[in-house]
There are 2 protein chains.
Amino acid sequence: MRQIKHPPIDQVELTDIMYALSDPARIEIVGRLAQAGRQMTCGELDLNRPKSSMSHHFKILRAAGIVETVIDGKEHLNSLRLAEIEEKFPGVLNAVLKTICLSASISNEQ
Amino acid sequence: MRQIKHPPIDQVELTDIMYALSDPARIEIVGRLAQAGRQMTCGELDLNRPKSSMSHHFKILRAAGIVETVIDGKEHLNSLRLAEIEEKFPGVLNAVLKTICLSASISNEQ
DNA sequence: TCCATAGTTCGAATATTTTGGAACTATGGA
DNA sequence: TCCATAGTTCCAAAATATTCGAACTATGGA
């Protein structure tokens, strides 16, 4: 496993995104990433659940095109695919982020 | 059964909304209501599925605070709770509606 | 009053998700 | 080379969701 695969944004469906964001654990991961505004490891984003459960949630966030993970040594660095999602589904993720963390600093606000 | 009960908007969670919109059938119902811009009966919103299946989807949309249903004679008139959702989760539903039906005419656009 | 219409509720079958332990992979450091 | 760390994958159990037929409720019209 060299790098983790992510779906091209154009094959992500809106329902995938809605589904990924319908779970409190996943919403929290996304909120924390947005608030941090930087890459974070899975460890930093830990929610007191077993690693296999966390891994499952990251997998769904990746499949929904929301989170991008790059391998760096023995850590996995996660970030939000903000720009791509904004282009394909304008306003959707931004509005969600505003709701879950008012302090989220997203570049392209209206 | 006199009138159908709906949750007050302040006890609707964002995850409820995301969940409700993670199903293609439900997204379609919402999109059609938005596009029509008027109340529609369940019959009009039929998606070629058994009535009990449709009823299930309407129930979830109501529980998520997205759809409001009032009984009128033997019909149930459905509409979107646009203003309430916009107030509680600004931009979220509007952005989704823009994605699923570009022609949706929502009042408070940015 | 009887019937058709419009939907809901119930219940069971099926399908999908979630959870978490255990085993695995990859990396970096001692 | 050996070990600890960071995650993933695999698997099975438990929980949730979906589907849809059948029975039910309410209304309005004949």
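Here is the naming used below: chain letters follow the sequence lines, and residue numbers restart at 1 for every chain.
- Pair assignment for dG20(C): dC11(D), on the basis of Watson-Crick or G-U wobble contacts that are both within less than 3.5 Å.
- If you check dT9(C), dG21(C), dT18(C) against the side chain of Arg26(A), the one that comes closest is dT18(C).
- For Arg26(A) and Phe58(A), the positive end is not near the middle of the six-membered ring at less than 6.0 Å and at most 45° from its axis.
- With a 4.5 Å cut-off on side-chain heavy atoms, Leu93(A) and Leu21(A) count as touching.
- Under 3.5 Å, the side chain of Ser55(A) and the base of dG7(D) form no donor-acceptor pair of N or O atoms.
- Of all nucleotides listed (dG21(D), dT5(C), dT18(D)), dT5(C) comes nearest to the side chain of Lys74(B).
- Residue Lys51(A) places none of its side-chain N or O atoms closer than 4.0 Å to OP1 or OP2 of dA22(C).
- Close to dG7(D), at under 4.0 Å from its OP1 or OP2, lies a side-chain N or O of Thr41(A).
- Using a 4.0 Å cut-off between charged nitrogen and carboxylate oxygen, Glu44(A) and Arg38(A) count as a salt-bridge pair.
- Shown here, dG29(C) forms a base pair with dC2(D); the pair counts as Watson-Crick or G-U wobble because both key distances fall under 3.5 Å.
- In this structure the side chain of Ile85(A) never reaches within 4.5 angstrom of the side chain of Val92(A), judged on heavy atoms.
- Dashed line: the shortest gap from a side-chain N or O of Arg62(B) to OP1 or OP2 of dT8(C) is under 4.0 Å.
- Dashed line: the shortest gap from a side-chain N or O of Tyr19(B) to OP1 or OP2 of dT18(D) is under 4.0 Å.
- Side-chain nitrogen and oxygen atoms of Arg49(A) include none within less than 4.0 Å of the OP1 or OP2 phosphate oxygen of dT18(C).
- Residue Ser53(A) places at least one side-chain N or O under 4.0 Å from the OP1 or OP2 atom of dG20(C).
- Checking dA6(D), dT18(C), dA22(D) against every side-chain atom of Asp23(A), the shortest atom distance belongs to dT18(C).
- Put simply, CG on Asn78(A) is 8 Å from P on dG7(D), counting in whole angstrom units.
- Counting heavy atoms from C-beta outward, Val70(A) and Ile4(A) have side chains that stay 4.5 Å or more apart.
- Contact annotation: His57(B) reaches the phosphate of dT19(D) (side-chain N/O to OP1 or OP2, under 4.0 Å).
- Proximity of His76(A) to the phosphate of dG7(D): no side-chain N or O atom is located under 4.0 Å from OP1 or OP2.
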